[in-house]
Amino acid sequence: MPIAYNKRTHLCGQLRAAQTGEQIILAGWVNTSRDHGGMTFVDVRDHTGITQLRFNPEVAPEAHKAARTLHNEDVIAVTGKVAHRGEWVNPKIPTGEIEIEVAEIDIINRCEPLPFQVNDPGDTSEDMRLRYRFLDFRRPEIQRIFRMRHAIAKAVRDYMDDNNFVEVETPFLTKSTPEGARDYLVPSRVRPGTFYALPQSPQIFKQLCMIGGFDRYAQIVRCFRDEDLRADRQPEFTQVDLEMAFVESGDVMAAVEGCVGKMFKAALDIDIDTPFPCITYEEAMDRFGCDAPDTRFGLELTDVTDIMKETDFKVFREAIENGGLVRCIVASGGEKLTRKVTDGLTEEIRGIGGTGLPLVKVSEDNGSLKFSTGVAKFLHPVCDRLCSAVGAKAGDTIFLMPGSRDEVGKYLHYVRTRLARILDLIPDDQWNLLWVLDFPLVVWDEEEKRWFSTHHPFTAPRDEDIPLMDTDPGKVRSKAYDLVLNGTEMAGGSIRIHNKDVQNKVFSLLGISEEEAHAKFEFLLDALRFGAPPHGGIAFGLDRWVMLMSKSASLRDVIAFPKTQRAVCPLTNAPTEVSQPQLDDLFLKLNLPPAK
RNA sequence: GGGGCCGUAGCUCAAUUGGAUAGAGUACCGGACUGUCGAUCCGGUGGUUGCGGGUUCGAAUCCCGUCGGCCUCGCCA
């Protein structure tokens, strides 16, 4: 019996007791059915919820007969009357006070046996879910994530519009840029042998927009990087990209704070405190060993180089004599730090390149503190000094790390975050936002023996540090700022160079020759010559924000059609081979490695 | 490119650690049932244990290779 599904009167999650007695039309998918031979119940579902349909053979024999043939995920429409459930109210669902006394049913489209159960909240493998993502989308939890994503994106657009940002679209078929990640390339048909690159970010285009007088630009835009994947890294991802003219760092940060506030309100109805706290790169590295610290818990690093100088422990002495240092973390809750756990940590440190994890346990003996286990025998002479310097008390464990500044930071940061999880110190439902400022402009790469941009080659140095570019480049601080949420870098930006001489100076520091700079950035250098205003901006990874806000475990959860770890789309199976004529059009010849 | 975990029915998992005909839930098919809401009850179909080799009297189980998924180091300004 055809039913005008386009005239449905309600969605499946809407009806309440107040509508009792009304004639309605519903349409949706069969979530479950319960056939008693006589009375048959079917739950019909759409994105708003489920409603129970009652098929009574004495009221509507034909509809009842049809209902008994239904399977999960059949598409149906029904007409009927809203009935109060009386003594059979189901408090578990919002529509549980009512049910539909069905008069007619239209079985619009039958569903074949499913590869997995849509209505099963249990764990289907991610593999399966992504292969049949359209079925996965029908689940309420997945709907929740993508509707949250929509709300966040809308909040961003509304905020940008309210604050006079102009959305300008930038090209996807663009030019390969030096440094940064590997590019995705697209061959040109009309200029044989040449390639476009998909943008890693619209960086230069948004700068050109500023130079062109847009004043404020914002775009929610796809970016592409051909690097190995991780749980929080996809080859194509979405950035909220913005740029502002005539600003200093604080202005961009304030704009971001306003935007992030709207995002939290829209996604979680949370009011975020502004301004966000700030910390310098230097301080972050000293206190946390990491430029994106998680401030939801303590376990901060303490420098104990001076004390360790006086021990006989060779490992520490040598590190210090070689210009290194010793820092430590003090953890309470020793009962959870069993030998097995600390041995495991030591193994993990070795796994990321370390040589070990010296530690001591603190205990009390006749009123005074003592060290035991681990490297205790080397540290007895400095026990009192060390304990008072780091505030250790009986029951604590002290994790020490000798080495260069970078090594100590890397390993203790690892230890710190692992301990936080082991000791259950990370509060749920806390959103610690933090600006990290004053990054070094460039870092020395020992392998390639040259300077690399910490941020990117267009980041402005702090004015007072410009002279250092000639004498001590590593000391030059940049006008860059990173936004960190709960220990994850969520946004990064900077004030850009608007002066061609400074830009050329940076290029030469990075070892980009004049010819190369000219070939690759002529348009930017040109623009800087023709009246470029001071400008700066930021970009944040929208996917990551949605991932954290929705408490998802993986970026794949918040991207509609994500790629697997080998960058394959499980739905379309892309990338796939193409035909010889397609290759011929592009003047491409394959040069494949020999088959194994 | 390196390290780790995993791969058994359409799906989610088990198989007493090398032993007999590889089981269960769910889905699917058939039957019973008038108030269920993860309906219930009875019966049934369904297997190249990812693939290829090897060890063994005997392999889902051990070894080697390979493919695929996930985590991770490198990489990702």
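A, B, ... follow the sequence lines: proteins, then strands. Residue 1 opens every chain.
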### Message
Output the rounded distance in Å from CZ (Arg182(A)) to P (rG1(B)).
### Response
11 Å
### Summary
Applying the 3.5 Å cut-off to both distances, the Watson-Crick or G-U partner of rC41(B) turns out to be rG31(B)
### Query
For the pair made of CG in Leu555(A) and C1' in rU72(B), what is the distance, rounded to whole Å?
16 Å
### Summary
Winner on side-chain proximity to Ser201(A), out of rA77(B), rA39(B), rU72(B), is rA77(B)
### Nearest-angstrom distance from the residue atom CZ of Arg131(A) to C1' of rG69(B)
11 Å
### Message
Quick check for you: among rG74(B), rC73(B), rU36(B), whose closest atom lies nearest to any side-chain atom of Asp228(A)?
### Response
rG74(B)
### Summary
rU21(B) -> Watson-Crick or G-U wobble partner, both distances under 3.5 Å, gives none
### Query
Salt bridge or not for Arg225(A) and Glu236(A), using N-O below 4.0 Å?
no
### Query
For Glu126(A), which contact category applies under a 4.0 Å heavy-atom criterion: base, sugar-phosphate, or nothing?
sugar-phosphate
### Task
Could you please name the partner base of rU36(B), counting Watson-Crick and G-U wobble pairs only when both distances are under 3.5 Å?
none
### Message
From C-beta outward on His71(A), which listed nucleotide comes closest to its side chain: rC37(B), rC28(B), rA77(B)?
### Response
rC28(B)
### Query
Say you pick atom P in rG74(B) and the same atom in rG2(B); how far apart are they, in whole Å?
16 Å
### Query
For the side chain of Pro457(A), counting heavy atoms from C-beta on, which of rG10(B), rG74(B), rA77(B) is nearest?
rA77(B)
### Task
Take Asp43(A) and Arg566(A), find for each the nucleotide of RNA chain B with the closest heavy atom, and name the residue whose nucleotide sits nearer the 5' end.
Asp43(A)
#### Entry: N/O (side chain, Thr32(A)) to phosphate O (OP1/OP2, rC37(B)) under 4.0 Å
no
### Query
Counting side-chain heavy atoms from CB outward, which of rC11(B), rA77(B), rC75(B) is closest to Arg233(A)?
rC75(B)
### Query
Distance between the C1' atoms of rC28(B) and rC75(B), in whole angstroms?
47 Å
### Query
If pairing requires Watson-Crick or G-U wobble contacts with both distances under 3.5 Å, which nucleotide is the partner of rC5(B)?
rG69(B)
### Query
Which part of the nucleic acid, if any, lies within reach of Glu348(A) when heavy atoms closer than 4.0 Å are counted: base, sugar-phosphate only, or nothing?
nothing
#### Entry: Donor/acceptor link under 3.5 angstrom from Glu227(A) side chain onto base of rG74(B)
no
### Query
Between the base of rC76(B) and the side chain of Arg225(A), is there a donor-acceptor distance below 3.5 Å?
no
### Message
Aromatic contact between Phe521(A) and Phe507(A), with the criterion being ring centroids under 6.0 Å apart: yes or no?
### Response
yes
#### Entry: side chain to side chain donor-acceptor pair (under 3.5 Å) involving Lys81(A) - partner list, sequence neighbours excluded
none
### Contact under 4.0 Å: His455(A) side-chain N or O vs rC76(B) OP1/OP2
no
## Note on the structure
Rounded to whole Å, the CD-P distance (Glu448(A) to rA77(B)) equals 14 Å
### Summary
Interatomic distance, CG@Leu524(A) vs NE2@His518(A), rounded to 0.5 Å, equals 12.0 Å
### Minimum-distance nucleotide to Trp88(A) side chain [options: rC11(B), rU36(B), rC71(B)]
rU36(B)
### Task
Calculate the interatomic distance between Asn90(A) atom CG and rA39(B) atom C1'; express it in whole Å.
12 Å
### Query
Using the C1' atom in both, what is the distance from rA9(B) to rU56(B), to the nearest Å?
28 Å
#### Entry: Who pairs with rA60(B) - Watson-Crick or G-U, where each distance is under 3.5 Å
none
### Task
Look at Arg129(A) together with Glu126(A) and state whether they make a salt bridge at an N to O cut-off of under 4.0 Å.
no
### Message
Give me the distance, rounded to whole Å, that separates rG31(B) from rC71(B) when you measure between the P atoms they each carry.
### Response
46 Å
### Rounded P spacing from rC76(B) to rG4(B) in Å
24 Å
### Query
Is the Phe134(A) ring parallel, tilted or perpendicular to the Tyr132(A) ring (thresholds 30°, 60°)?
perpendicular
### Task
Measure from CD on Glu101(A) to C1' on rG35(B) and round the result to the nearest Å.
12 Å
### Message
Over all strands shown, is Asn72(A) touching base, sugar-phosphate only, or nothing at heavy-atom distances under 4.0 angstrom?
### Response
nothing
### Task
Classify the nucleic acid contact of Phe41(A) as base, sugar-phosphate or nothing, counting any heavy atom under 4.0 Å across all strands shown.
base
### Glycosidic class, syn or anti, of rU26(B) using a 90° window around 0
anti
### Message
Distance check, C1' atoms only: rA15(B) and rU49(B), in whole angstrom units.
### Response
11 Å
### Which nucleotide in rG74(B), rU12(B), rG35(B) has an atom nearest any side-chain atom of Met128(A)
rU12(B)
#### Entry: Whole-Å distance separating the CZ atom of Arg129(A) from the P atom of rU12(B)
11 Å
### Among rU12(B), rG69(B), rG38(B), the nucleotide that comes nearest once only the side chain of Lys92(A) is considered
rG38(B)
### Message
Is it the case that rG68(B) (base atoms only) and Asp127(A) (side chain only) share a donor and an acceptor within less than 3.5 Å, ignoring hydrogens and angles?
### Response
no
### Query
Quick one: does Leu135(A)'s side chain get under 4.5 Å of Pro115(A)'s, heavy atoms only?
yes
### Message
Suppose we call a contact any N or O donor and acceptor under 3.5 Å apart; does that hold for the side chain of Gln117(A) and the base of rU12(B)?
### Response
no
### Message
I want to check one thing: is the phosphate of rU12(B), taken as OP1 and OP2, less than 4.0 Å away from some side-chain N or O of Ser125(A)?
### Response
yes
### Query
Is there a donor on the side chain of Arg34(A) or the base of rC33(B) sitting less than 3.5 Å from an acceptor on the other?
no
### Query
Distance only, no hydrogens: is a donor on one side chain within 3.5 Å (strictly under) of an acceptor on the other, for Tyr281(A) and Asp482(A)?
no
### Task
Quickly work out the Asn119(A) CG to rU12(B) C1' distance and round it to whole Å.
14 Å
### Query
Are Asp465(A) and Arg477(A) ion-paired here, with the side-chain N under 4.0 Å from a carboxylate O?
yes
### Message
Taking the C1' atom in each of rC64(B) and rC29(B), what is the distance between them to the nearest angstrom?
### Response
43 Å
## Note on the structure
The answer to which of Asp120(A) and Gln565(A) contacts RNA chain B further toward the 5' end, by nearest nucleotide, is Asp120(A)
### Query
Roughly how far apart, to the nearest Å, are rG25(B) and rC70(B) at atom P?
31 Å
### Task
Answer yes or no: side-chain N or O of Arg230(A) and base N or O of rC70(B) forming a donor-acceptor pair under 3.5 Å.
no
### Task
May I ask you to evaluate whether Arg68(A) reaches the phosphate of rC33(B), defined as a side-chain N or O under 4.0 Å from OP1 or OP2?
no
